[in-house]
Amino acid sequence: MLFVMALLGFLPCAHAAWFEKSAPIMGTRVYVNVWHKDEKLAQAAIEHVFEVMRGVDARLSPYKPDSDLSRLNRVAAKRPVVLTRELLLLLEKSQWAYGVTDGAFDITFASVGRLYDYREKRLPSPEQIQQLLPALSTAHLAFDKAHNTLRFLHPEVALDLGGIAKGYAVDLAIEALKKRGIQHAYVSAGGDSRALGNRGDRPWLIGIKHPRPSKALGEAGTVITLPVDNLSVSTSGDYERFFIDEKSGDRIHHIINPKTGASASGVMSVTVIGPEGLTTDPLSTAIFVLGVAKGLKLIHSIAHYDAIILDSTGQVHYSNGLMPPDES
Ligand code: ADP
Ligand code: MG
């Protein structure tokens, strides 16, 4: 009976179809998949999502000198800077994440992190790290709530929203699609994605990539597949942007432990699932830094969010809200 009703519920859209397109935005590939009966409307909605994403990039990229974030980074050590509503939202959420993760998520990581260049295989020396580490702390951010301003309390502070901006952008994209009457869609920006509704007659499935596919899995590539209707999924991995340091043999990647200024170690990938990208994105980055035990403890303290952690031995750890596949 339930099955028949579900089928009838989907009939009004019987002539609809899936439309999909991708574009390079925010230093990654943005992928949009939309279900609608009007092709023109669907295509316009997809283009609108790209516009929304490009807007976020233009305002929040630390690499674009004209972005709101670059302006803040240039000025806030000298005098208070008035924040846009968007920056305020992201900075407040980042401050929340800093608090609940015991400092593992810290947007001031960039005070040291900006000296890494993964393409050029460059990393800061231990002396440079020691010198800049005192600038790395969200405690240096002095908000004046009455005037909506922010001031940096240390001259070397630099902010980077790379651990939260894509999850936020995916949320904005889904909101934009909903406003256009779309009820079934999927948007991803690199490791951050969100499903609206279901895949039509089945759930949306998101695959978690194996962090070392050639060694462990041959060509298969995916270790775990998750059903994710109406959910956000963020994955942080040490395989997205990295190089192997010739001197030490260490894997130098883009998730920085704020306590040391070096790449975090102990896990290979973290996936967080929950209602909003604004929350899954910083939590996946933070759990990567925290490791298995502290990471699971953290996710268990946050209602409606779950995590899957692949540790550096390849073992998979699931938070309590998930039912792991039977591996017997
Ligand atoms: P991506 O989807 O880009 O792989 P992640 O969610 O894994 O992103 O986050 C990695 C990004 O987060 C880095 O590129 C950097 O911009 C930022 N970041 C790195 N370390 C930290 C940290 N400890 N706290 C906050 N942001 C961080
Ligand atoms: Mg993240």
Side-chain angles (χ1 to χ4, degrees), residues 24-31 53 56-57 60-63 67 69 73 90-91 93-119 123-124 129 133 135-139 141 157-171 187-194 206 208-209 211 232-243 252-274 277-291 294-295 298 307 309-310:
I25 307 171
M26 300 182 90
T28 186
R29 186 145 284 274
V30 172
Y31 173 87
M53 299 283 208
V56 171
D57 191 36
L60 301 180
S61 169
Y63 308 109
S67 72
L69 184 67
N73 276 334
L90 287 162
L91 295 175
K93 187 73 188 189
S94 297
Q95 206 180 27
W96 168 82
Y98 174 78
V100 298
T101 66
D102 195 19
F105 187 83
D106 191 333
I107 54 173
T108 70
F109 82 91
S111 312
V112 177
R114 61 180 164 178
L115 296 183
Y116 287 85
D117 187 328
Y118 303 95
R119 233 179 264 161
L123 73 166
I129 292 180
L133 217 44
L136 200 168
S137 171
T138 289
L141 306 187
V157 171
L159 306 184
D160 184 320
L161 297 170
I164 191 168
K166 277 190 283 162
Y168 161 73
V170 169
D171 285 347
V187 176
S188 72
D192 298 288
S193 58
R194 183 163 167 179
I206 294 187
I208 300 180
K209 281 191 219 163
S232 286
V233 181
S234 293
T235 296
S236 294
D238 64 5
Y239 50 89
E240 292 290 350
R241 278 202 284 150
F242 77 97
F243 64 94
I252 310 296
H253 63 84
H254 68 320
I255 300 169
I256 304 294
N257 182 341
K259 304 267 186 294
T260 64
S263 298
S265 55
V267 309
M268 296 195 284
S269 118
V270 176
T271 297
V272 173
I273 309 148
L278 187 64
T279 303
T280 56
D281 193 3
L283 288 181
S284 72
T285 307
I287 293 173
F288 195 106
V289 172
L290 289 171
K294 286 183 181 165
L298 166 65
I309 308 174
L310 269 78

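Quick note: numbers below take in every heavy atom, side chains included, and nothing from hydrogens, waters or symmetry partners. Nothing fancy with the numbering, it's 1 onward along the sequence. Each ligand, and each atom within it, is numbered from 1 in the order the structure gives.
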Quiz item: Which pairs count as side chain to side chain donor-acceptor pair (under 3.5 Å) when at least one residue sits in residues 252-266, sequence neighbours excluded?
Solution: none
Quiz item: What residue among D192, D281, T285, I287 forms side chain to side chain contact (heavy atoms under 4.5 Å, CB included) with V272?
Solution: I287
Quiz item: With S193, which of T235, V170, T280, V233 fulfils side chain to side chain contact (heavy atoms under 4.5 Å, CB included)?
Solution: V233
Quiz item: Purely on distance, is any nitrogen or oxygen of G163 under 3.5 Å from one on ligand 1?
Solution: yes
Quiz prompt | Residue selection (non-hydrogen contact nearest atom 27 (C) of ligand 1) among Y116, F288, Y239, F109 | solution = F109
Quiz item: Does an N or O anywhere in T235 fall below 3.5 Å from an N or O of ligand 1?
Solution: no
Quiz item: Does CG in D117 sit with more than 12 non-hydrogen atoms of other residues, nucleotides or ligands closer than 6.0 Å?
Solution: yes
Quiz item: Which of the listed options, N257, V272, I256, holds the heavy atom that is closest to atom 20 (N) of ligand 1?
Solution: I256
Quiz item: Any luck finding a side-chain donor-acceptor pair between T279 and K93 under 3.5 Å?
Solution: yes
Exercise. Quick one: look at T285 and ligand 1, take heavy-atom pairs under 4.0 Å, and tell me if it's side chain, backbone, both or neither.
Key: side chain
Quiz prompt | Per-atom contacts, ligand 1 versus D192 - under 4.0 Å to a heavy atom | solution = 2 (O)
Quiz prompt | Beyond-backbone contact of Y168 with L161, side-chain heavy atoms, under 4.5 angstrom | solution = no
Quiz item: If you measure from each heavy atom of P258 to ligand 1, is any distance below 4.0 Å?
Solution: yes
Quiz item: Name the one of I107, L141, D106 that satisfies side chain to side chain contact (heavy atoms under 4.5 Å, CB included) with Y98?
Solution: D106
Quiz item: At a 4.0 Å threshold, what atoms of ligand 1 neighbour a non-hydrogen atom of K166?
Solution: 1 (P), 2 (O), 3 (O)
Practice problem: State the atoms of ligand 1, each with its element, that fall below the 4.0 Å cut-off from a heavy-atom position in S236. | Solution: 5 (P), 6 (O), 7 (O)
Practice problem: May I ask you to list the atoms of ligand 1 that are less than 4.0 angstrom from any heavy atom of D281? | Solution: 6 (O)
Quiz item: A104: heavy atom below 4.0 Å from ligand 1, yes or no?
Solution: yes
Practice problem: List every atom of ligand 1 that sits less than 4.0 Å from any heavy atom of F105, numbering the atoms from 1 in the order shown and giving each element. | Solution: 24 (N), 25 (C), 26 (N)
Self-check item: Matching residue for S269 among S284, P211, S236 - test: side chain to side chain contact (heavy atoms under 4.5 Å, CB included)
Solution: P211
Quiz item: Do T108 and T138 have a side chain donor and acceptor closer than 3.5 Å?
Solution: no
Quiz prompt | Atoms of ligand 1 close to G162 [distance to a heavy atom under 4.0 angstrom, numbered from 1] | solution = 11 (C), 12 (O), 16 (O), 17 (C)
